[in-house]
Amino acid sequence: MPVKNRFAELLPEITAWRRDFHEHPELLFDVHRTAAKVADLLRQFGCDEVVEGIGRTGVVGVIKGKTNTVGRVVGLRADMDALPIIEQTGVPYASKTPGKMHACGHDGHTAMLLGAAKYLAETRNFDGTTIVIFQPAEEGGGGGREMVADGMMDRWGIQEVYGMHNMPGIPVGHFAIRKGALMAAADQFEITVTGKGGHAAKPHDCVDTTVVAAHIVVALQTIASRNVDPLKQVVVSVCTVETDSTAHNVIPQVVKMKGTVRTMDHKVQDFVETRIAEIVSGTALALGATATVNYARGYPVTINADENTDYAVEVARQVSGQVDPDTAPLMGAEDFSFMLNERPGAYIFVGNGDTAMVHHPAYNFDDNVIPFGASWYAGMVESRMPAA
Ligand SMILES: [Zn+2]
Ligand SMILES: [Zn+2]
């Protein structure tokens, strides 16, 4: 099974959908136009069931195979949302909404999964049920979490799930994946340091929150450098520092700092959360201030199940023959993790060639990826649920 011939025929149509989505980017859960078009097309393809409004604005389509003797149900997922970026691609189908842009290629993911759905609804050459999942709000809103919380997995009896993301820097048609942790858990924290503000010429009468905050920023670096096993991945970044003084001669009363933590392992994640609290309160105590930490868990680590990764690699091999089964993990985070936490499955990268990186204003999804991505989605169904 190389690239399916049908996708060569469907390429102009799928490309037209992709470019239409690109022209009309929508953010987070506000993907009403995109979701409506997805649902319309799924109905035109003859899906057995199409349900809108799952996880607020997500869409689910059901495609039954010719037979259903084993009772297997496979979920395929794409994301629909864009980013708040001013587009600089200069393409004729560039965003018509200034300040919104499909800069992560979710336009391509949605179009490729629609292509696979059209093919699967036409051929139905499998034994079981395919669930196509189109989620909103991947870019920070937790749309995947919302769809899971809405009961999607149980409602359709989904047994395993597969997702895909394009990746600049990997040649078009090549795939990359790994078993275990592929992408990081992304948490965020907010630290508030309270001291005693006052005249900058009389520091002995104050508790200088700026100095306390500076010590905390430096001490937090020891989590990665001194506390966590060097063979484990961890990032602790303090990204904003804000004080309530705007003057050059006033020591602030309060300093607030915000940052992010990236980890690949639940134990390291728990440890870092505890250690941040210890370092912050201990450093503040040592210097006579008080401090609090507000720590919020975000997207969990993306974990590819071993067996399902093998299936994904096998299909990628059949599609293009080019697959790296042991790609390096990334410290970015992915909302598909919420689905992978519920069911075994795998998440794979498909090359987007030598383009700007995702989230860059000059990034664009390469339409030449479509036959590879659509073939992989459809191939996962035909190989996991071979026709009886
Ligand atoms: Zn993104
Ligand atoms: Zn993305």
Side-chain angles (χ1 to χ4, degrees), residues 17-18 21-22 24-31 34-35 38 55 57-59 76-89 95 97 99-114 132-147 161-170 172 175-177 182-188 235 239 260 262 298-302 304 327 329-340 345-353 355-367 369-370 372-374 376-377:
W17 300 332
R18 204 283 287 185
F21 293 134
H22 193 88
H24 301 97
E26 297 175 297
L27 303 184
L28 293 168
F29 288 98
D30 197 18
V31 290
T34 308
V38 165
T57 41
V59 181
L76 304 174
R77 170 273 200 180
D79 37 19
M80 300 186 285
D81 58 321
L83 284 158
I85 291 178
I86 299 168
E87 180 159 353
Q88 290 171 12
T89 60
S95 169
T97 314
K100 295 183 188 174
M101 176 193 175
H102 268 294
C104 205
H106 299 184
D107 48 348
H109 305 162
T110 296
M112 290 191 294
L113 184 52
L114 282 169
V132 287
I133 302 163
F134 296 86
Q135 76 149 85
E138 193 288 320
E139 300 287 2
R145 177 176 48 208
E146 296 284 312
M147 291 187 89
V161 280
Y162 298 93
M164 179 175 9
H165 206 293
N166 77 93
M167 190 53 69
I170 297 175
V172 170
F175 293 88
I177 192 170
L182 177 68
M183 296 186 74
D187 299 339
Q188 53 190 45
V235 174
C239 300
T260 187
R262 304 295 169 108
Y299 292 173
V301 56
T302 308
N304 280 337
T327 192
L330 298 178
M331 298 314 278
E334 169 56 57
D335 186 31
F336 183 56
S337 314
F338 289 105
M339 296 184 200
L340 286 178
Y347 188 67
I348 197 166
F349 297 124
V350 61
N352 198 54
T355 62
M357 186 39 77
V358 291
H359 293 210
H360 187 277
Y363 164 85
N364 194 14
F365 179 84
D366 186 339
D367 292 317
V369 177
I370 289 171
F372 296 101
W376 181 82
Y377 273 132

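When a residue number appears, it is its place in the shown sequence, counting from 1. For ligands, and for the atoms within them, numbers begin at 1 and follow the listed sequence.
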Visitor: Closer than 2.8 Å to the Zn ion (ligand 2), what protein N/O/S atoms do you find?
Guide: Cys104 SG, His106 NE2, His165 NE2
Visitor: Give me the ring orientation class for His165 and His106: parallel if the planes are under 30° apart, tilted from 30 to 60°, perpendicular past 60°.
Guide: perpendicular
Visitor: Give me the one residue out of Phe336, Trp376, Phe175 that meets ring pair (Phe, Tyr, Trp, His ring centres under 6.0 Å) with Tyr347.
Guide: Phe336
Visitor: Donor-acceptor check, side chain of Arg18 to backbone of Ile370, threshold 3.5 angstrom: yes or no?
Guide: no
Visitor: Tell me if a side-chain donor or acceptor on Tyr299 pairs with a main-chain N or O of Glu138 at a distance below 3.5 Å.
Guide: yes
Visitor: His359: which N/O/S atom is nearest the Zn ion (ligand 1)?
Guide: NE2
Visitor: Using side-chain heavy atoms (C-beta onward) and a distance below 4.5 Å, is Asn364 in contact with Thr355?
Guide: no
Visitor: Which residues pass the side-chain contact (heavy atoms from CB on, under 4.5 Å) test with Ala346, sequence neighbours left out?
Guide: Tyr162, Ile177, Asn304, Asn308, Thr309, Ala312
